[in-house]
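For the numbers below, each heavy atom of this structure counts, side chains included, while hydrogens, waters and symmetry mates do not.
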Amino acid sequence: MTNLKKTPIILDTDPGIDDAVAIAAALFHERIDVKLMTTVAGNVGLDKTTNNALKLLQFFGKDIPVARGVSKPLVRPAEDSSHIHGESGMDGYEFDAPVQDPLTQHAVEAMRDVILNSPVPITIVPIGPLTNVALLLTLYPDCASNIERIVLMGGSASRGNHTPNAEYNIYADPEAAKIVFNAGLPLVMVGLDVTSQATLTTENVETIRDMNKTGNMLYSMFQHYRGGSLKAGGLKMHDLCAIAYLVNPALFETQDCFVDIETAGLYTAGTTVVDIRNRLAKPSNVTVCLDIDVPAFREWALEVLRNAI
C-alpha cells in the first residue's frame, strides 16, 4: 500500500461558523497536514477568533499549534461579521473552555519558522482577511522561496457580499490583499462566484447532524448561521471551498487572469478587479475559480465530514 502524499499547510483563519466546517475538513482529510493554525481578526475580534480556534482543536482532539495574529487591518478600522456568525463567532454550541494556550510567538513569526524549517514547500490557506499573510510576505520576503502557493477564500469576479462590489475577506483589509495578490506567488482565488453556489441543503444538513459528534456540533451552529438560508437555497460553505480546491480541484472551473485590488474607491474599496477578457493586457497572476460542480461538492463535503470524529 502506497503512502498518500499529504499537502503541508498553514491555515490562517478567523473562526466563524463556516471556518469551523473548513477546519474540520482540513484536520480530518487524509491528504492534508495542518502544520500551524494562525488567527486573524475578521468574523469577530482576535481574542474570540483565537479562542474559537483553540476550542475547535480541543473538540477535535488535535494537537496543532495556534498562533495569534493581527487584531486589526493594516490601515483601516476593523469591521467584523458578527451579524452573520453570532456574538462569539460560533454561536449555537457550548464548547468546553480550551486548555491549550496559543503560542507566545506572533502568528507572522510562527508562519516564518514553519515555512523556513519545512523540508518541502508549504501551502498557505487563508480563509479570513489577509493581514497576517501580507505582513509575512513584507517582513520576511525570504519565505517566498519555500511557499508552494496560496489558496485563499476571498474576492469575486462579479459582485460582492459585504458591499455591492466587495467580498468581506478582501474588503476587511484591501491594502493587505493588494500586497498578497501582487507578491508574485502562485495564487488561487476561491471567491464568491463559486462559494455562493456551494451550499448545503436541508437534507445535507440533517445527514451531517446524524453522522458523528462533529456533525452534531456543526448542525447546532448552523441553526445560528446567517450565511444563506436552509429555507431558501441552502447554507453557503464559503471557506470549505478553499479546502475542496486544495484536494479536489476538478470540482472547479478556473481561468488564469490578471487580478488587482481596488483600495482607493469611495464605493469600490476591496473590489477584486478580475480581468477575465484581458482588457488590460497584463500578465495573469491569479488562478480564479469561476464555477463549481455543486452536486459533486455536496457529495465531497459529506464524505469528508464523515471522516471526522
Side-chain angles (χ1 to χ4, degrees), residues 1-15 19 22-40 42 49-50 53-54 56-58 60-70 100-154 169 176-177 179-190 239-249 285-287 304 307:
M1 186 174 172
T2 55
N3 288 330
L4 280 169
K5 186 184 175 192
K6 289 194 169 194
T7 300
I9 73 166
I10 293 172
L11 189 57
D12 188 59
T13 177
D14 60 339
D19 301 70
I23 290 166
L27 292 175
F28 290 100
H29 198 284
E30 60 186 359
R31 286 175 44 212
I32 296 175
D33 181 10
V34 182
K35 296 293 189 185
L36 172 70
M37 279 176 57
T38 51
T39 58
V40 65
T49 61
T50 305
L54 294 167
L56 287 167
L57 285 172
Q58 182 165 292
F60 294 133
K62 296 288 188 178
D63 184 19
I64 290 165
V66 173
R68 281 170 59 96
V70 182
Q100 179 185 347
D101 289 321
L103 299 175
T104 54
Q105 213 179 14
H106 190 279
V108 176
E109 267 73 44
M111 292 166 98
R112 174 200 60 188
D113 287 356
V114 167
I115 291 164
L116 293 182
N117 292 321
S118 176
V120 294
I122 295 281
T123 296
I124 301 178
V125 184
I127 54 175
L130 290 166
T131 320
N132 287 335
V133 183
L135 285 170
L136 172 76
L137 298 176
T138 303
L139 294 171
Y140 305 114
D142 53 329
C143 285
S145 63
N146 209 33
I147 295 173
E148 180 76 25
R149 60 180 175 170
I150 297 171
V151 177
L152 66 89
M153 189 276 126
N169 284 346
I179 290 169
V180 174
F181 275 70
N182 287 283
L185 288 166
L187 196 150
V188 180
M189 182 178 107
V190 188
D239 292 336
L240 183 59
C241 287
I243 306 302
Y245 183 89
L246 204 59
V247 294
N248 199 352
N285 61 335
V286 178
T287 298
V304 75
N307 293 332

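Listed here is the closest heavy atom pair of V133 and P126: CG2-CG, 4.0 Å. Between A107 and G69, the shortest heavy-atom contact is CB-CA, 3.4 Å. Considering every non-hydrogen atom in both A183 and L137, the closest pair reads CB-CD1, 3.7 Å. Across every non-hydrogen atom of L103 and A67, the tightest pair is CD1-CB, 4.1 Å. In terms of heavy-atom proximity, A144 sits nearest to L185 at O-CD2, 3.6 Å. For G128 against D14, the heavy-atom pair with the smallest separation is CA-OD1, 3.5 Å.
The CG atom of L56 sits 8.5 Å away from the CG atom of L27 when rounded to the nearest 0.5 Å. A distance of 10.5 Å separates CG in L152 from CG in D239, rounded to the nearest 0.5 Å. The distance from the CG atom of L135 to the NE2 atom of H106 is 7.0 Å, given to the nearest 0.5 Å. A distance of 6.5 Å separates CZ in R112 from CD in Q105, rounded to the nearest 0.5 Å. To the nearest 0.5 Å, the span separating CD1 on I150 from OG1 on T287 amounts to 12.5 Å. How far CG of D113 is from SG of C143: 8.5 Å, rounded to the nearest 0.5 Å.
Under the 4.5 Å side-chain criterion, counting only non-hydrogen atoms from C-beta, R149 is in contact with V188. Contact annotation: the side chain of I23 approaches that of F60 to within less than 4.5 Å [non-hydrogen atoms, C-beta and beyond]. Proximity of T38 to M111: side-chain heavy atoms (C-beta onward) are separated by under 4.5 Å at one or more points. In this structure, the side chains of V151 and V190 come closer than 4.5 Å at one or more pairs of heavy atoms. Residues K35 and D33 meet the side-chain proximity criterion, which asks for heavy atoms closer than 4.5 Å.
Checking side-chain atoms of T49 against main-chain N and O of V40 turns up a donor-acceptor pair under 3.5 Å. Remark: side-chain polar atoms of N146 are paired, donor with acceptor, to backbone N or O of I115 under 3.5 angstrom. A donor-acceptor contact shorter than 3.5 Å is absent between the side chain of E148 and the backbone of V120. At distances below 3.5 Å, not a single donor-acceptor pair connects side-chain atoms of D12 with backbone N or O atoms of I124. Checked by atom type and distance alone, the side chain of N285 never pairs as donor or acceptor with a backbone atom of G184 at under 3.5 Å.
Under the side-chain contact (heavy atoms from CB on, under 4.5 Å) test applied with P8, the options I122, I32, V114 reduce to a single match, I122.
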Go through it in stages, so that I can follow the logic: the residues are N169 and M153, the test is side-chain contact (heavy atoms from CB on, under 4.5 Å), and I'd like the CA-CA distance, side-chain angles, deciding distance and then a yes or no.
CA-CA 8 Å; N169 284 346; M153 189 276 126; 3.6 Å; yes

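Crowding of D63 atom CG: a count of heavy atoms from other residues, nucleotides or ligands under 6.0 Å not exceeding 12.
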